[in-house]
Amino acid sequence: MSNNPFPLSRAELLQAYRTMRTIRDFEERLHVEFAKGDIPGFVHLYAGEEACAAGIMTHLTDVDRIASTHRGHGHCIAKGVDVAEMMAEIYGKSSGACRGKGGSMHIADLAKGMMGANGILGAGAPLICGAALAAKFRGDGGVGVTFFGDGASNQGTVLESMNLAAVWNLPVIFVVENNGYAESTSVDYATAVDSYVDRASGFGVPGVTVDGTDFFAVHEAAGEIIRRAREGGGPALLECKMIRFFGHFEGDAQTYKAKGENERNRETRDCLKLFAARVTDAGVLAAADLALVDREVAALIDDAVAAAKGAPLPLPAELLTDVYASY
Amino acid sequence: MARKISVKQAINEALDLEMRRDPSVILLGEDIVGGAGAPGEIDAWGGVLGVTKGLDAKHPGRLLDTPLSESAYIGAAIGAAACGMRPVAELMFLDFMGVCFDQILNQAAKFKYMFGGKARTPVVIRAMVGAGFRAAAQHSQMLTPIFTHVPGLKVVCPSNAYDAKGLLIQSIRDDDPVIFCEHKNLYGHEADVPAESYAIPLGEANVVREGRDVTIVSYGLTVHRALEAAARLAREGIEAEVIDLRTLSPIDWDTVIESVEATGRLVVVDEANPRCSIACDVAAYVAQHAFGALKAAPQMVTAPHTPVPFSPVLEDIYVPSADAIAAAAGRICARARAA
Ligand SMILES: Cc1ncc(C[n+]2csc(CCOP(=O)(O)OP(=O)(O)O)c2C)c(N)n1
């Protein structure tokens, strides 16, 4: 198509949509399966925040590393972790991405540059400084991206890491996924400054705030700071203002939210709907193109769930494996 | 007046009673009220599992939701304690102690000693411990030995609602920093609990079952598994005495030694990893102080030396089972009989 106003090709746009749709369907499906009681443990859903993961990860390859959060499914999918392996992991099966040892909160695939979801808030920031340091030593051009919520942004580890990354001029991108809540506590209560950009600049780290429900805004801002980091320009912060459609974890009654908040957000700030409207209005992709992706993704998720349910459980002996390196 | 209430309710009641009694008691922690600054309900959560729910209305202004900054707010609780308050800080999961351990290890635990006895840090740090929630390796650990190792800290781990209430009340009144460990799989466990206030001294174990053949020592969730094992052993003609330590620091050596001197056999059950555990500690102490009374080598039944796995099938075999406890006890009783 000749008149493409976007900085991405048709194929890239379709891929971005596929990523977001895969995350959304993965999460919506987990919501349903969790309610049936089939899924063990804590599950924190990313639905509503897809544009952030997709917008950033579009710029990354396997040489780039990310450190994720307890709400990590979206980051995993956008970074290319196998969806079926993720699903099996969440079901605690031995075919899972971490052989059933980690579950939802700890999915990792180092080969894809995914250094793990993390159950400890703020723990990803120092780790990603290390990843960026390694990239610098190796000279492989890789960058490190760490994600953390508005809540976790208040952890000392995050602030110390900003300073370290600035002092060592590391190629690190600090991404604040500001969905307004840390569990039940609002960002307005827990963070005394209005802008994470101001906070980062106190460490000598430049930053930018974008509408995290707008894939294109995230994509553009991330592209710039990632390019800068790759070229030796040092760390930067990206704040994405976004929405989480579900509770903090599955089972959360969400009484701390305003009445009708989730419904309103789904109507007006759904990043997938916004993306679809933009690309179809511009005439770059047709509704049918998106519908085809929808069908393919639906089948992918169905298969992943079926495979996960049918997969074998870990054997008792696996309790004792993987504690130490074996030679 | 006693009624059946859960461990969770017992803890809530202890906090309520102590706040009523002593205006210097304050509570702080993440989401312990819940909904702060959010457009919906205040007191939406009452802590991640609802333990402090309802207390905000009863004690306005004395429950402080905190930002996610454990170093800062656990440290602030310790500092406030050193200045005359009696803060009870909720660390949510004890696993998060990594974030704020300096404040606990090098500040709270050391003030009294380093300052020549001039400081007091009457802070209680409440946190969930233990496996069983399918919460994987960073939310399921039994870290009691790490704290027990540190002089200056007191470590409490109740196994039932009655003890939880009495021990927490005592912990709040105690002038030392107390790590109060709540097993997440016991929150729903119910027992007869008096409505009025009572304190259980720290450092007094509870003999929860009497028996002459073998002493089984444990604390927290595994006390219940030990009791199950004892019931099974009784059917085989072995009478096990079961001791619930209740507090790990200080620890009630007298009750343990007295029991082992009578039974001649010891099984220690600990949900913590085996190395440098409470199990090791008790076994070593008994070996040193009651060697002459022992008819068999002390047995330790613990979690394996691995992180806590996520998959339910693995997690279920991680925590010491009644089977394993009964087998260990049966083994030394049989060996002793054969000899
Ligand atoms: C060190 C630490 N403290 C507390 C928690 C418990 N916890 C898990 S998620 C969460 C809220 C996180 O909020 P935010 O960082 O804004 O991320 P969001 O959940 O909104 O994505 C809390 C308090 C934890 N996992 N680790």
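We name chains A, B, ... by the order of the sequence lines, and we start the count at 1 in each one.
- No hydrogens or angles considered: a donor-acceptor pair under 3.5 Å links the side chains of A/Lys257 and A/Asn262.
- Ranked by heavy-atom pairs shorter than 4.5 Å toward chain B, the options A/Ala123, A/Gly122, A/Pro314, A/Ala190 are led by A/Pro314.
- Using a 3.5 Å distance cut-off with no hydrogens or angles, the side chains of B/Glu70 and B/Gln103 do not pair a donor with an acceptor.
- Between B/Gln9 and B/Ser6, the side chains place a donor N or O and an acceptor N or O closer than 3.5 Å (distance only, hydrogens not considered).
- Contacts with chain B were tallied for A/Lys259, A/Met105, A/Lys93; A/Met105 has the most, counting heavy-atom pairs under 4.5 Å.
- Annotation: cation-pi pair A/Arg266/A/Phe246 present, NZ/CZ under 6.0 Å from the ring centroid and within 45° of its normal.
- In this structure, chain B has no heavy atom under 4.5 Å from any part of A/Ile39.
- Note: B/Ala36 leads B/Ser69, B/Pro304, B/Pro307, B/Ala36 in heavy-atom pairs under 4.5 Å with chain A.
- Comparing A/Val323, A/Thr255, A/Asn154 by heavy-atom pairs within less than 4.5 Å of chain B, the highest count is held by A/Thr255.
- Residues B/Thr302 and B/Asn273 have side chains that never bring a donor and an acceptor to within less than 3.5 angstrom of each other.
- For B/Ser71, no part sits under 4.5 Å from any heavy atom of chain A, backbone or side chain.
- Residue A/Glu261 touches chain B through its side chain alone, counting heavy-atom pairs closer than 4.5 Å.
- No part of B/Glu315 comes within reach of chain A, as not one of its non-hydrogen atoms sits under 4.5 angstrom from that chain.
- Between A/Arg244 and A/Glu49 no salt bridge is recorded (no basic side-chain N to carboxylate O distance below 4.0 Å).
- Interface check for chain B: of the options A/Ile120, A/Leu313, A/Asp188, A/Asp322, the most heavy-atom pairs under 4.5 Å are formed by A/Ile120.
- Under 3.5 Å, the side chains of B/Glu271 and B/His183 contain a donor-acceptor pair of N or O atoms.
- When each of B/Gly37, B/Gly98, B/Ala72, B/Pro312 is checked for heavy-atom pairs under 4.5 Å with chain A, B/Gly37 comes out on top.
- Contacts between A/Asp252 and chain B at a heavy-atom distance below 4.5 Å involve the side chain alone, from C-beta outward.
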**Q.** Pair A/Phe249-B/Trp45, ring pair (Phe, Tyr, Trp, His ring centres under 6.0 Å): steps then yes or no
**A.** CA-CA 12 Å; A/Phe249 49 51; B/Trp45 272 33; 5.6 Å; yes
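- Interface remark: of the candidates A/Gly100, A/Gly149, A/Gly180, A/Gly100 forms the most heavy-atom pairs closer than 4.5 Å to chain B.
- Looking at B/Val99, the atoms closer than 4.5 Å to chain A (heavy atoms on both sides) all sit in the side chain, from C-beta outward.
- Side-chain contact of B/His305 with A/Tyr324: a donor-acceptor pair under 3.5 Å is present, judged by distance alone.
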